Amino acid sequence: MALKKLSKEKVGEALAELSKFRLIAPAKSDDVVVFKQISDPAEAYLEYGNSTVPPKKFAFPQTETLFRFVTGSPDLTAKNVEEEGTTVIFGLRPCDARAMAIVDKLFSWDFDDPYYLKRRELTTLVGMACVEPPSVNCFCTSLGGSPFGTEGLDLLLTDMGDYYLVEALTDKGEKLEETLSSQLEDAPADDEKKAKDMAAASEGKIRRSINTEGIPEKLPDLWENGLWKKVSAACLGCGICTFLCPTCHCFDIQDEVEESGEGRRCRMWDSCMFEEYTVHASGHNPRPTRKERTRNRINHKYSYYPAHFDVIACVGCGRCINLCPVNIDILEILDQVVDA
Amino acid sequence: MKNPYIPYQVNIIDAWYEAPGDRCIKTFKVTFADEKVWDTWSHKPGNCAMVGIPGVGESMFCISSSPTEKGYLRFSIMKAGKNTSALHELEAGDSFFIRGPLGNNFPLDEWKGKNIVTIGGGIGQAPLRPVIQWIRDNRADYGELELIYGARTSQDHCFKTEFEEIGSSDDCECHLSIDVEEEEWPHFVGFVPSLLMEVAPKPDNAIAVTCGPPVMINFVLQNLEKLGFTPDQVYTTLENRMKCGIGKCGRCNVGHLYVCKDGPVFSYAQLKEIPEAFA
Amino acid sequence: MVDVNKLREKAREVISREDVRELIGYRPGTYGFRARPAFVMGPDDTGELIFTPACVNNLASYIVLEEKLPVKRGEEPDLRKVAVMVKGCDSRALVQQMEEKAYDRDRILVLGIPCRGVVDMAKVQAKYPDVLEMGEIALEGDKFVLSFNGTKEEVPREELVADKCLRCRYPTPLVYDELLDEEVERFADDDFADVAELEKRAADDKWAYWEEKFSRCIRCYSCRNVCPMCYCEDCVLDRLQPQWMRRSVDISENTAYHISRAYHLAGRCIQCGECQRVCPVDIPLMELNRKFYKDVEDLYDYEPGTNVENPPLLSTFKVEDKEDFIM
Amino acid sequence: MAENKDFEPNIVAFLCNWCSYAGADLAGTSRITYPSNVRVIRVMCSGRVNPLFVMNALQQGADGVLISGCHPGDCHYMHGNYYARRRFNLMRNFLEYLGVEPERVRMSWVSASEGAKWKEVIEEVSEGIKKVGPMDQFKRRQLNW
Amino acid sequence: MNGKPRIGVYVCHCGTNIAGTVDVEEVVKFAETLPDVTVARNYSYMCSDPGQALIVDDIEKAGLNRVVVASCSPRMHEPTFRKTLLSGGLNPYFLEMANIREQCSWVHPDPIAATEKAKRLVEAAVVKSRRLEPLDAKEVDVEPSCLIIGAGIAGIQSALDIADAGFKVYLVEKEPSVGGHMIQLDKTFPTLDCSACIMTPKMVDVANHPNIELMTYSQVEEIGGYIGNFDIKVRKKSRFVDIDKCTGCGICAEECRMAGRFPNEFDENMGMRGAIYMPFPQAVPAKYTIDKESCLFLTKGKCGESPKCKDACQAGAVNFDLEDEIVEFKVGTIIVATGYDVFDARLKPEYAYGVYDNVLTALEFERLVNASGPTGGKVTMIERGKKKKKKGAEEEAPKVPESITFIQCVGSRDKSVGNEYCSRVCCMYTAKLAHLVKDKVGHDCEVTVFYMDVRAFGKGFEEFYDRVRREGVKYIRGNPSEIYKKGDKLIVKAEDTLTSTPLEHETDMVVLSVGLVPRRDNREIIDLLKLSQTSDLFYMEAHPKLRPVDTASDGVYLAGVCQGPKDIPDAVAQAKGAASAAMIPMASGKVKVEAQTSFVNEDTCRGCGFCVELCPYTAIELVEVNRMGWPVKVARVNEALCKGCGACAAACLSGSIQQRSFKDWQLLPQIEALGVK
Ligand SMILES: Cc1cc2nc3c(=O)[nH]c(=O)nc-3n(C[C@H](O)[C@H](O)[C@H](O)COP(=O)(O)OP(=O)(O)OC[C@H]3O[C@@H](n4cnc5c(N)ncnc54)[C@H](O)[C@@H]3O)c2cc1C
Ligand SMILES: Cc1cc2nc3c(=O)[nH]c(=O)nc-3n(C[C@H](O)[C@H](O)[C@H](O)COP(=O)(O)OP(=O)(O)OC[C@H]3O[C@@H](n4cnc5c(N)ncnc54)[C@H](O)[C@@H]3O)c2cc1C
Ligand code: SF4
Ligand code: SF4
Ligand code: SF4
Ligand code: SF4
Ligand code: SF4
Ligand code: SF4
């Protein structure tokens, strides 16, 4: 596939063109960067490192209706995801895209999750390569990803200075290129090589790493190991590490009814670090303390998920390390697992 | 494929209380509001369903009737919290919604020709009931059937009339117990694990299935081992909190096993491998 | 400056005591300038302990955060003391917790640290985003000295210090068994100018301001969990029966969450700033807490966490309490 | 917010059983008319009213909330109204700080003999809310995803 | 197992009172659409017998388990319809009312608006009713006995009334004798009965009454429990005299080495007593008491060779080994009759009380004019702090004052000392004492009264005041600003406000008409019973008008001046009131306790004590419980004390304490129903 280029002057135009879809792009409020649906290209903030909240919420919304009902009536109306329309997520990082590819496996495991899958089908992911790893805590390369990784993406943009190099990776990506045909130009011939060099350079700048080999197999043997108590002692049991993790996908289901009797059954993000996540109606809690919950979190990502899907449910984006308020560091935990 | 989150409406044909008290148990006999659902529906003993009322919520329950009982499904539900309280308000003529069948089932085909002993406590008899019913309806396929069941008091016994009927049939042997002495109680007094030792079923060519409160299960498992049952001869069901029932929402796992998909039926051999199973 | 050797020595002495179960202090973090909580169970663990301006966490939270597992039959609950290191602001959490009878004074052993300010780690992170190897921060006079990768840099105190420290009224702990350093005199006060500023805005303006902030909230509940005063075993906001607040994350429920959280801390919040510090999406929670704090002080002359004998603000009244707002 | 002539506010009022509820009853027996947009919830004492009820009412769609109890010193339970006074002073200030106009959260002392005052209170609350308009910003907008 | 809600909605026409404005039919039609509403009806008068029968019938036939009546105010007919439910076999707390008359049809003339509002109110009642729960209206048994604290005239009167009615009374008095202040008085206004003459028979009666257990020189130490079942602990202080043996002969007192060395409190410290003493001759019981603080033997361990009193007592009653005795008993009710103190005149330094010997308080003057007082009833100039002369020594006859001046309102109606109230007795006792001066000292003794107003509001008061004035007592309106001495005389500096003339009034003796103030040891009782105080710091009654003898705590009543200043007839009247109030529960043997009380979820309570601190009835306490092996403190409500205000429920942050029938879980749907537009 021939590479294209999108000059920076034309980005606004391109975004305007894409606004005919549901366009999601990074935006800044105060000092926080989050992905948002944007209507005005000026809202997009492309000079960002990585977003605080991963763009997963546009495939797997924090709160989403499963079906609507009127109490007492037998008619249930499933949410029609198609109404949301075609979506373009513009400018997400390779790790976040790869995370979606990983989570796809779960949502199509035996039972297809119609909402998630439909939304994924309707979504085109336009990635933005990390010319510089945005955080000292990035470690995507340890998990098979890369700052220039393409897994899960439909299109990859690379910041070449004055312009973005555009590479279509899938049919969806090509289609999008067509949409943007009047903004795109052919890329200079040597850009492919240039980009490769940049990728290597960027990978070289990744500062943190972990050798994941053997971890999935080893984890179950460390069940009773003292390390869990130690690494979890400071944990607050909050939702930061899981809500901000691009691969975390747990949810709760609750019904909400209005006085009128109209209501919906909806699902919302839940976190395995919350205390009430596993409590039974009897009050018994199989994971009563933060130790068990931390152990489950790590095991889920690094042992159970690979057991079912042959892939570790972590992409090394470093968010949990950056934002954990008490500096619980997954790499330190994994180091201890390796050393144990 | 059907949207796995959308439940079917069922109508209550009959509903009655099995046991009184704060944590009372009510049994519902239901049929699909849309008769056509029966054509695609098939479940096996051990399967579960998400039961709920739109506007209240959903909870997982085992289907306590055997597929050999035609034209209805049964659920026996203990009042425990929000959903179950709302369900308990329903009566014959009302309806609720179910999603299923979910989960795995007891490997009854593999058990053909074997002697079966079921060991239940309290509401834990609910998943055992379809096993018993299945065997009685396919009596020739199986060896001896022995039932051990106990509850706190005679009042708390589920399926009383059925036990009476079974007890007087020559289908199988039936051993009942209560925890504390009561007047005119003709059967055993004491905890189920003790009753198990008293009955002492033989392990040869046998399968033991047990369900009940966690403490009971623990002792039953120990005692079965004492009686010579090997872990792969013993089956139980787990009940972990769950929301989706289809392996997505995350919380019901014990180790890498998802109770909603890999369970709720597990052999003791399987569980022994998983440290979290006995947390 | 707390002498680190003295600190470790003291810690060793304390944790060696028969009646002390655990000591909560600080140790270096895993990268950059971070420091993090340390849970010392025996004398051998004391070697890592530090106290520097990077020690931002309020460790008082951990005393009430402890999850008590059922005591096994035949065993006794471990009721030995927990030793905890607190700065001036943190110590007020202890006072307030005891005021609320969360535990008795003899359950804790307090190592007080007179403090002249900690850093705002977000500011440090923003200024030195590339520092991965452990760096150190010290406060020397009115400068922070940051050492990393073999270099040393001086930064004026105001540039990196946490906002709360600029308004700190109680730099020396209000409760302690041992003081690890010389007392520090009050060097700042709080005039609540920020709150007053916001108060003056037009209603629509205020709502728009908060709507934007609250819309970012992902309801991770970190602000609640970290708060030393949020320690109900079963938070009402998690309950389904009755359900005060839906779990849906939208502007209405988020606003309800923030009203509830802030109100539940009225007359209880001790201004440690932890809630705002932990918020991953930078919601200025202190502006909410400080509004209540200011009103409580203005209207009822009440300052939470300053005196164990204080009765709970909202369980008491004075006949002459203001009522000019009542028709 | 612009004044809207047709706008009829919806007011949820919490009244203590002994004074304000009785005062409102007296307004009834005396056939004193007042706007019908106030809907009363009876509690035994104004001290029972959790300030978060206000939040709940507003979230549900009420345009304003009124809490009314006995005059200071007259509380049937001695000092329930004093507790209420503290709580609501703080809550009201706080909501104002968030952008909820103070007109929407009101508190009054109405005794069992003040049927006429009850009318005045309702009229004033109602007028005040009319001035600031409907409270839409906080309403549950749930069916959005 | 209380199945699905089956709600009956009954909309009352109330003749045309409701139906004239509200479209009742429409409300019914609307109600039918609400979830769980089984029947909805309307009827002309729901409260009539046929109206109620409708409900009873539906409960039986339609199997209703909740009833919503939309009619008048629940303040009117809630009890009626509760009974209806009961007669239908339903728990009465399954009733919810919607007030569509007082707060709807009568106040909203527009039929459309009124109907609309009625629907909303019905809807709110329906959604709440779905969550109602059955409550027990509990009863507790009442112990047929009463504790009375304080044996002044009020306590004595209550004790006699209750004892006469056949109930057991425990009468506890702090002092060695019963009688209180009244027995200190000489005559009583306005009838001038001799105080002792009318008082002593009653004092003797309480001592002898078979139903009264009198405990003098005793103090209540602990009170636990609640109405019907109070647990009482009383300390009987040791008198070091065995009162069973003491005959009251008084030889011991004569022999006491310290005889006459200590001021006698009963005489307002103007007379003297020994270490062993009887406060006054008519004391009841007529027994001697050794004052621990004054006795040589008890303070120094030695009293000469051997204690003289002990040697002298032929009955062998003196016993230094006697110890305090603690008695415990149960009572059903309690009357507090602890009386008052007089205002401490030192707080008005301008009157120089305590500086000049002949500035007296009125109570001191009462003792001075009293025949059994320190001067045997002779009004003479006094010399304070004078040691008693050796026995037999000739005494110079004290001088009789030629003029006596009274100053009214000392410590009353005076913001500067924090007492805004009127003491109600000073005007009249001043008149009485002025009369007594004229009577006893003689008509030529000049008597002047400085006053602000004369409040002669009682029966016979004005007449008495008039009489005193006619007797030549001079009333000057004005508040003296200073008293000082000039030679032998006292000068009262004042302004006659009627004539606006400043004056310097010369006199021999000044009597300060001190007001009545709460006892300085009030806290003891407040701590025991958790009584509240009004702003004047007297104990607070449950309602100033309708429940003047009740307190906020059920089963605890007030009598006499402890509740507020009053004269003897008022004190007696209130004492009788308190006695009859206390007898109601005792006579019925049972009391109903509030059903809509609070209760605590001990699993979620965090033991913060916010509720404990706030409950006006101290119905909540923190108790230690075992939570999965850990000792934790949680709140617990004493349902017999809880009055169901619900203030605790609003204060609890963890939602652990809830008020029955007004739980958050029950109110929130109601708020929702009313909140929506
Ligand atoms: C596979 C399986 C089979 C079950 N079979 C039966 C049965 O036959 N009869 C019976 O009486 N009970 C059964 N249970 C338990 C039943 O699901 C819970 O008692 C019920 O969910 C309580 O719901 P609640 O809303 O009343 O309680 P709440 O405490 O109000 O529950 C809130 C939520 O927690 C979840 N939850 C709470 N406790 C449990 C629990 N123990 N297991 C799973 N989810 C829980 C539910 O999702 C519910 O939505 C079974 C559970 C599982 C997992
Ligand atoms: C100078 C003066 C003159 C007066 N003249 C008149 C008059 O002429 N006519 C008239 O009608 N009124 C007169 N009064 C008012 C009269 O004294 C009171 O109305 C009357 O004495 C009130 O009686 P009581 O029982 O309420 O209180 P008190 O007489 O004070 O009796 C209270 C009793 O309780 C006891 N007590 C207190 N605390 C405790 C405790 N904790 N435990 C046990 N016992 C306790 C006290 O020792 C005392 O015996 C006069 C008052 C004064 C000051
Ligand atoms: S590890 Fe950190 S982010 Fe995760 S739950 Fe614990 S405290 Fe929160
Ligand atoms: S981990 Fe970091 S470097 Fe790697 S893709 Fe994500 S943001 Fe980029
Ligand atoms: S920490 Fe921030 S994002 Fe998390 S719940 Fe609190 S305010 Fe919301
Ligand atoms: S609300 Fe925030 S500032 Fe206040 S005590 Fe809690 S964490 Fe500290
Ligand atoms: S309801 Fe009122 S009286 Fe009852 S315990 Fe609560 S605060 Fe006390
Ligand atoms: S206020 Fe609530 S949490 Fe605190 S002690 Fe009372 S019931 Fe318990």
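Worth knowing before you read on, the calculation uses all heavy atoms, side chains too, and leaves out hydrogens, waters and symmetry mates. Computed from a predicted model, the values in this text were never measured in an experiment. The sequence lines fix the lettering, A, B, ..., with proteins before strands; numbering per chain opens at 1.
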Exercise. List the atom of B:Ile63, the atom of B:Pro101, and the distance in Å for their closest heavy-atom pair.
Key: CD1-CB, 4.4 Å
Quiz item: Which heavy atom of A:Asn225 sits nearest a heavy atom of A:Ala340, and at what distance?
Solution: ND2-CB, 3.8 Å
Let's test your reading of the structure: which of [options] forms the most heavy-atom pairs below 4.5 Å with chain B?
options                     : value
A:Asn299, A:Asp113, A:Leu66 : A:Asp113
A:Phe69, A:Tyr304, A:Tyr305 : A:Tyr304
A:Tyr115, A:Phe67, A:Trp109 : A:Trp109
A:Thr71, A:Val70, A:Thr278  : A:Thr278

Quiz item: Hey, what's the ring geometry for A:Phe107 with A:Phe60, parallel, tilted or perpendicular (30° and 60° as the breaks)?
Solution: tilted
Self-check item: Parallel, tilted or perpendicular, as decided by the 30° and 60° cut-offs, for the rings of A:His308 and B:His256
Solution: tilted
Pick from [options] with the largest number of heavy-atom pairs that fall under 4.5 Å of chain A:
options                      : result
B:Pro54, B:Ala33, B:Gly250   : B:Pro54
B:Arg251, B:Met242, B:Lys261 : B:Arg251
B:Asn253, B:Ile6, B:Thr84    : B:Asn253

Engaged part of [X] at the chain B interface, taking heavy atoms whose separation is under 4.5 Å:
X        : result
A:Trp223 : side chain
A:Ile253 : both
A:Arg295 : neither
A:Asn296 : side chain

Tell me, for [X] versus chain A, whether the close heavy atoms (under 4.5 Å) come from the side chain, the backbone, both or neither.
X        : answer
B:Pro7   : both
B:Asp262 : side chain
B:Ile53  : backbone

Quiz item: Quick one: OG1 on A:Thr63 to CG on A:Asp252, what's the gap to the nearest 0.5 Å?
Solution: 10.5 Å
Practice problem: Please check if the distance between the ring centroids of B:Phe159 and B:Tyr149 is under 6.0 Å. | Solution: no
Quiz item: Are side-chain N/O atoms of A:Tyr116 and A:Asp104 paired as donor and acceptor at under 3.5 Å?
Solution: yes
Quiz prompt | Electrostatic pair A:Lys79-A:Glu84, nearest N-O below 4.0 angstrom | solution = yes
Quiz item: Does the A:Lys229 side chain pair with the main chain of A:Lys291, one donor and one acceptor, at a distance under 3.5 Å?
Solution: no
